[in-house]
Amino acid sequence: MDFAPRIVAWQRSHGRHDLPWQNTRDPYRIWLSEIMLQQTQVSTVIPYYERFLERFPDLAALAAAEQDEVMPYWAGLGYYARARNLHRCAQEIVRDWGGRFPPDAAGIATLPGIGRSTAAAIAAFAYGETAPIMDGNVKRVFTRHFGIAGDPSKRDVETRLWTLAEEQVASAPADAGVLAAVAAAAAATPESDAVAGYMASYTQGLMDLGATLCTRGKPDCPRCPVQATCVARIEGRQAELPTPKARKATPERSTGMLVLRHDGRVLLQQRPSPGIWGGLWSLPEFDPAQDAAAACKALGAQPGELCELAAFAHTFTHFRLHVRPWFVSLKQAPAALDAPQRWVDEAELAHVALPAPVRKLLDGLFAAGLPHMLPA
C-alpha cells in the first residue's frame, strides 16, 4: 500500500479513538479542540475543553457571551489570542454565516484565527472533505518520511511539504474504495461515507503518528506503519530531521508588579487587547528601576508596609519576562480608578481570568492565608 492507506489502516487499529472531541461531526466541538490543541498537549487541553463546553455548549452560547465571560475559561492555557479569535469567530459565524459553520475548508479558512491546516482538519473531521493538513506534528512526519531537509518554517520547504501533502490525499477516493471493499463494515456504506471515514482516519492518523510514535526526541520507528519507506529511518537521519531552526538569542524584558491590598481586596488591571495577556486581568506594573512606593503614589495610593517578594521569570514565544513583585499594604486606596482597573476580594481571585504566573503568585499569597512575614 501507499503512504496514506498505511496511515489509515494503522490509525483504525492503533490510533487514538477515545478523546473527548472524537466520534463527532459537530464542527463547533471539532473547531474548539483544534484551536485548544495548537501548541498545547492533549493532556493539558482535556480539562479545559470539558469546562469550556459546560459553559458554552454550542456556537450560539459562545457568540452571545462577552469576552470577559470567555477569558476565565481560557486562563492558564496560554496563547490568549486564540481565545479572543475564538470569540470573534463565533460572533462572525452568527453574523455572516447564519449561525452555521462554513461548509468547506475554503470558507472555514476565512474565519479569524483559523489557518489552512486547521481549516482542513475541521473540514476533514466534520464533513469528510479531501483536504491536506500540515501542522507541527505532520511536518515532522513528512520531513522524516520523505527526507525533506531545511527549516520547515521557511517558505520553500513548507511549499514542498504542502505539495507532498496534496499528493497523498489526491487518491483518497480510490484508496477509500479499496479499503471499503476489504472491510465488511465499510463495504455496506455509500462510497461518499467511505471517503469521509477515510479522510477522518487519515487526518487523525497523521496527528496520532506525530504525537505518539514519530516524536521529536525518540521516534519509535519499529512500531511505525510507514517505516519501510521512511527516508530518515533508512538513512539513519531521524535526529537530523526535521532540520532545527537557527537559534536566536531570546530577548529579555523586565517589569515590576504591585500586589496592592486594601480592606481584603486586591487591585487588578485589565491587559489591553491585542497584546501579551490581552483581555486578562493582571497586577499593576511599573518600571523595576523605579521605587515601589513611588509607583504606588503614582496610582494615587498611599503605601503602608512594603515587602519585596521573590522575583520570577516567565517565557513567552518571543521573549523572556523577568518580574519583580512587591506586596503593599495600603494606608489609603486610590480615590478613583482608571477604567481598566478594579478591586477584587481575595476570595474571588480564583474566579478571575488571570495569567498563569500571576495566579501562581497570588495563590501563594492568599490561598492558605498571608504568610506571617507579610504585613497584615
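Throughout, residue positions are numbered sequentially from 1 according to the sequence presented.
To the nearest 0.5 Å, atom CZ of residue Arg261 and atom CH2 of residue Trp343 are 10.5 Å apart. One finds the CZ atom of Arg95 at 5.0 Å from the CD atom of Glu92 (value rounded to the nearest 0.5 Å). Taken from OH in Tyr80 to CG in Leu280, the straight-line distance is 5.0 Å, to the nearest 0.5 Å. Between the CZ atom in Arg88 and the CG atom in Leu62 there is a gap of 12.5 Å [rounded to 0.5 Å]. Between the CH2 atom in Trp31 and the CE atom in Met36 there is a gap of 10.0 Å [rounded to 0.5 Å].
For the side-chain contact (heavy atoms from CB on, under 4.5 Å) criterion with Leu283, the lone passing option out of Leu258, Leu267, Val358, Val323 is Val358.
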task = Carefully, step by step, assess Tyr73 and Tyr48 under the rule ring pair (Phe, Tyr, Trp, His ring centres under 6.0 Å).
result = CA-CA 7 Å; Tyr73 291 87; Tyr48 279 91; 9.7 Å; no
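Using a distance-only test at 3.5 Å, with no hydrogens or angles considered, no donor-acceptor pair links the side chain of Thr118 to the main chain of Gly115. Using modelled atom types, no side-chain atom of Arg320 and backbone atom of Pro251 make a donor-acceptor pair closer than 3.5 Å. The backbone N or O of Thr40 lies less than 3.5 Å from no partner atom in the side chain of Thr44, so there is not a single donor-acceptor pair. Put simply, the side chain of Arg271 gets close to the backbone of Ile276: a donor and an acceptor are under 3.5 Å apart. Remark: side-chain polar atoms of Asp345 are not paired, donor with acceptor, to backbone N or O of Ala347 under 3.5 angstrom.
Surrounding CZ of Arg216 are at most 12 heavy atoms belonging to other residues, nucleotides or ligands under 6.0 Å away. Under a cut-off of 6.0 angstrom, the local environment of CZ in Arg253 is sparse, with at most 12 non-hydrogen atoms contributed by other residues, nucleotides or ligands.
Met134 approaches Lys139 most closely through the heavy-atom pair SD-CG, 3.5 Å.
Ring orientation note: the planes of Phe146 and Phe142 are tilted relative to one another, at an angle of 30° to 60°. Ring pair Phe3/Tyr202 is perpendicular by interplanar angle, where above 60° counts as perpendicular and below 30° as parallel. By the 30° and 60° cut-offs, the orientation of the rings of Trp21 relative to Tyr49 is perpendicular.
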